[in-house]
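A short write-up of the structure that comes next.
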Amino acid sequence: MAFDKLSDWLAHLETVHKTAIDLGLTRVGEMKLRLQQAGALKLNYPILTVGGTNGKGSTCAYLEQMLLAAGYRVGCHTSPHVLDFTERARFNGVDATEAQLLPYFHAVESARVQSPEVSLTYYEFTLLAIVCWFDAQQPDAVVLEVGLGGRLDATNVFDSEVAIVTSVDIDHVGFLGDTREAIGFEKAGIFRTGKTAICADPNPPQSLIDHAQTIGADLKLIHRDFHYQVVQDDQRKQWRFIGEHSTRNSLAMPAMRGDYQLANASAALAALDTLREQLPVTQQAVRVGISNAVVRGRFQVLPGQPTTILDVAHNPHAARALAKNINQMGYAPYTHAVFGAMADKDIGQVLRIMRDVVDHWYVCDLPSARAATAEQLRAILLDSGFVADQDHSVQTFDSVQSALAHLSASVPTQVSPNDRIIIFGSFVTVEQALKGMPRFPSVPAEST
C-alpha cells in the first residue's frame, strides 16, 4: 500500500503494526539489509548516536550546529516532534519537506513488502525513511537521537562512530526496568566495540561502566576524562571545555537555559574531540554552534508578559531540572502551571518535585488514549501533599487550550503580568499549547 501524502502515510503507520512500541532489532535489521541491497543505503559517513533519559535533544542540537558551523553537511534525526512530523528530519539545519521525504517512504514500503513481508512500527518505518533521505544527500555526518532506551531501539541498528549517553534516570519502567542500574544497561546498548562511548551523567550506573568494559568500548566519563569549568569575570560569565585532546576556552554560555546544558554541550565537544581528525571543528565553529543550538519546548521562554515557559519535562529527572531553572529566575508573585501527562509516567514524583514551585495548577485532559485525565492528575496532586487555600489552587480543564483561555481571561484581575506561567509535561501538552496559544492582554507590568 502506498500513499501520495505524508499525512496519509503517518495515519496509516499509526495503526498498521500490532503495538505502537515494539522494541527489538530483528525487523528493522532485516529492512536495513534490504535497503542496502537495493542501493537506498550506503552509510559511508560517521554516525553519532545520542541516548539518555534527558538531554538527548539538546546534545543533538549542539553536535548538529557545531558541525554545520564548521561547514559540514549534516543530517539530524530527533523524536518525537512537537508540531509537525518534518521536525524529526533536518538536513543542513533545515526541516525536511513533505516532497523531500515521500520518495523514501515509498522506498521503504517497496522493501518492506518483499517476501517475507516485514511489519514495522511508525517509529521504525519513519526512521528508515529519514535515514534513506539523509543518505541520498551525501552527508559528512549524521546525528541520530535514540527514541527509547538504546539496546533495542531502532536507531541501534546503525553502527555509530561515537555514542553518547547524556543521563540515566527512571523513565519508561515498563520497557527499561525500574532501577538506574537496569536502565543504565539498556542505555549502554548503543556503545560499540573499539569505538568511543561517552557518558555525561556525573554518577553513571555501574552497569553502564561494566557493559562498556565487557564489549571493549572506549568509555569517556564526565569529570574523569573530560571536564567543564565556569569562568566568571567582571564582564560576563563564560566557560571552558577540557578534553583529552583539546581545550576550548572563552565559550559563551549556551543559548539554552539550565546548568545541565554545560554537561550536554561538553558531551558533544567530547564527541568532536574524538572525531578531530575525521571532522575537525574550529574554535569559532564551536562558539557559533553552541550559540545557535536551541530546541523547541526545552525551557523555552516566550516573549511578553506574563512570562510564559514551555517545557517537555515529563519525568522526575526533567522535573528537577525544571524546578531548579524556575527557582533561578527570581521572584514572581505567583507561578501558574498548565500540566498534562501520559498515564504511564511517574506523575506522582513529578508533582511532588513541582508541588512547592507552583501556586496555581491547571491540569488538563490531552487528546491521547495514553493520557491521564485531568481528574486523575488532580487526585495525584492532592495525594502528593498539595493543599489548596487562598493562595494555592487546582482546577481541571478538558484541554490545554481551555486552560490557556481561562488564564488569558484572568489577566490582569487574577493573573498579574508579573506572574509566570509554566506549560509542561507531555510533548502533547506543549504541542497543544503552541497550536492554541492565546494572546495575553497587553498590560504593563507592575514594578516589584
Side-chain angles (χ1 to χ4, degrees), residues 1-2 9-10 12-14 16-52 56 60 75-80 88-89 101 103-137 139 141-165 172 175-177 183 185-197 211-212 214-217:
M1 184 176 294
W9 272 112
L10 299 177
H12 172 68
L13 294 173
E14 285 177 350
V16 70
H17 195 70
K18 60 183 183 296
T19 56
I21 299 174
D22 190 6
L23 296 178
L25 301 182
T26 302
R27 297 181 312 278
V28 75
E30 170 62 22
M31 284 296 302
K32 174 193 169 192
L33 179 62
R34 292 183 186 185
L35 290 164
Q36 286 177 301
Q37 290 173 341
L41 277 178
K42 300 180 181 65
L43 302 175
N44 54 356
Y45 41 82
I47 292 174
L48 297 87
T49 304
V50 182
K56 299 187 294 290
C60 287
C76 185
H77 170 273
T78 61
S79 70
R88 295 182 181 221
L101 290 180
Y104 304 98
F105 275 65
H106 288 286
V108 172
E109 179 69 0
S110 295
R112 189 192 70 79
V113 297
Q114 294 174 16
S115 181
E117 189 170 303
V118 178
S119 180
L120 295 173
T121 66
Y122 176 107
Y123 177 75
E124 291 167 342
F125 190 106
T126 58
L127 170 69
L128 289 166
I130 288 168
V131 175
C132 286
W133 177 57
F134 290 158
D135 202 283
Q137 311 312 306
V142 164
V143 179
L144 298 179
E145 179 184 353
V146 172
L148 195 160
R151 182 175 65 93
L152 298 176
D153 185 79
T155 54
N156 204 32
V157 77
F158 300 104
D159 289 325
S160 60
E161 197 67 24
V162 181
I164 300 173
V165 172
H172 300 294
F175 296 98
L176 307 180
I183 294 171
F185 174 76
E186 294 296 330
K187 303 291 187 188
I190 64 174
F191 297 163
R192 291 294 190 270
T193 300
K195 300 294 185 179
T196 299
H211 181 69
T214 298
I215 68 169

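All residue numbers refer to positions in the sequence shown, counting from 1. Here the structure is a predicted model, which is why all the values come from computation and not from measurement.
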- Message: Are Val131 and Leu43 packed together at the side-chain level, in the sense that at least one heavy-atom pair is separated by less than 4.5 angstrom?
- Response: yes
Answer yes or no: is there a side-chain heavy-atom contact under 4.5 Å between Thr121 and Leu13? no
Residue pairs meeting side-chain hydrogen bond (donor to acceptor under 3.5 Å, both in side chains), one or both in residues 111-120, sequence neighbours left out, come to His17-Ser119, Glu109-Arg112, Arg112-Glu117
Between Gln137 (side chain) and Phe134 (backbone), is there a donor-acceptor pair under 3.5 Å?
no
Output, in order, the C-alpha distance, side-chain angles, deciding distance and verdict of side-chain contact (heavy atoms from CB on, under 4.5 Å) for Val50 and Val146. CA-CA 6 Å; Val50 182; Val146 172; over 6 Å; no
- Task: Could you go through the side-chain hydrogen bond (donor to acceptor under 3.5 Å, both in side chains) check for Asp135 and Tyr45 one step at a time?
- Result: CA-CA 9 Å; Asp135 202 283; Tyr45 41 82; 2.9 Å; yes
By side chain to side chain donor-acceptor pair (under 3.5 Å), Lys42 pairs with (sequence neighbours left out) none
*asked:* I'd like to know if the side chain of Thr193 reaches the main chain of Ile215, judged simply by a donor and an acceptor atom lying under 3.5 Å from each other, with no hydrogens or angles considered.
replied: yes
Practice prompt. Kindly say whether Ile183 contributes a backbone atom to a donor-acceptor pair with the side chain of Lys187 at under 3.5 angstrom?
Written response: no
The reported gap from CE in Met31 to SG in Cys132 (rounded to nearest 0.5 angstrom) is 8.0 Å
Heavy-atom check, side chain of Phe158 versus side chain of Leu128, under 4.5 Å: yes
**Asked** Just wondering, do Ser160 and Leu144 contact through their side chains at under 4.5 Å, heavy atoms?
**Response** no
* To do: Decide yes or no for Leu148 and Leu176: does some side-chain heavy atom of the first lie under 4.5 Å from some side-chain heavy atom of the second?
  => yes
The reported gap from CG in Leu41 to CZ in Arg34 (rounded to nearest 0.5 angstrom) is 13.5 Å
One should read off an interatomic distance between Ile21 CD1 and Glu124 CD, to the nearest 0.5 angstrom, of 11.0 Å
Separation between CG (Leu25) and NZ (Lys32), nearest 0.5 Å, reads 10.0 Å
Exercise for the section: Start with the C-alpha distance between Leu10 and Thr126, add both sets of side-chain angles, then the distance that settles side-chain contact (heavy atoms from CB on, under 4.5 Å), and finish with yes or no. Expected result: CA-CA 9 Å; Leu10 299 177; Thr126 58; 4.1 Å; yes
When rounded to the nearest 0.5 Å, the distance separating SG of Cys76 from CD1 of Ile130 is 10.5 Å
Looking only at heavy atoms, the pair that brings Leu35 and Ala107 closest together is CD2-O, 3.9 Å
All heavy atoms of Val157 vs all of Gly29, minimum pair found to be CG2-CA, 3.5 Å
Output for pair (Thr26 OG1, Glu30 CD), nearest 0.5 Å, gives 10.0 Å
Checking Asp153, Asp159, Asn156 against Ile190 for side chain to side chain contact (heavy atoms under 4.5 Å, CB included), the one that qualifies is Asn156
Across all chains, not counting sequence neighbours, the salt bridge (charged side-chain N to carboxylate O under 4.0 Å, His left out) partners of Glu145 are none
Query raised in the report: Any side-chain heavy-atom pair from Leu48 and Glu161 closer than 4.5 angstrom?
Result: no
Residues at least two apart in sequence or cross-chain that pass side-chain contact (heavy atoms from CB on, under 4.5 Å) with Pro80, listed by chain then number, are Arg88, Phe427
ring-ring contact (aromatic ring centres under 6.0 Å, His included) filter on Phe105, not counting sequence neighbours, yields Trp9, Phe125
ring-ring contact (aromatic ring centres under 6.0 Å, His included) filter on Phe185, not counting sequence neighbours, yields His211
- Task: Indicate yes or no: at least one non-hydrogen side-chain atom of Leu120 is less than 4.5 angstrom from one of Arg27.
- Result: yes
If only atom types and distance count, is the side chain of Tyr123 paired as donor or acceptor with the main-chain N or O of Gly147 below 3.5 Å? yes
Between Ala217 and Phe191, the two heavy atoms sitting closest are CB-CB, 4.1 Å
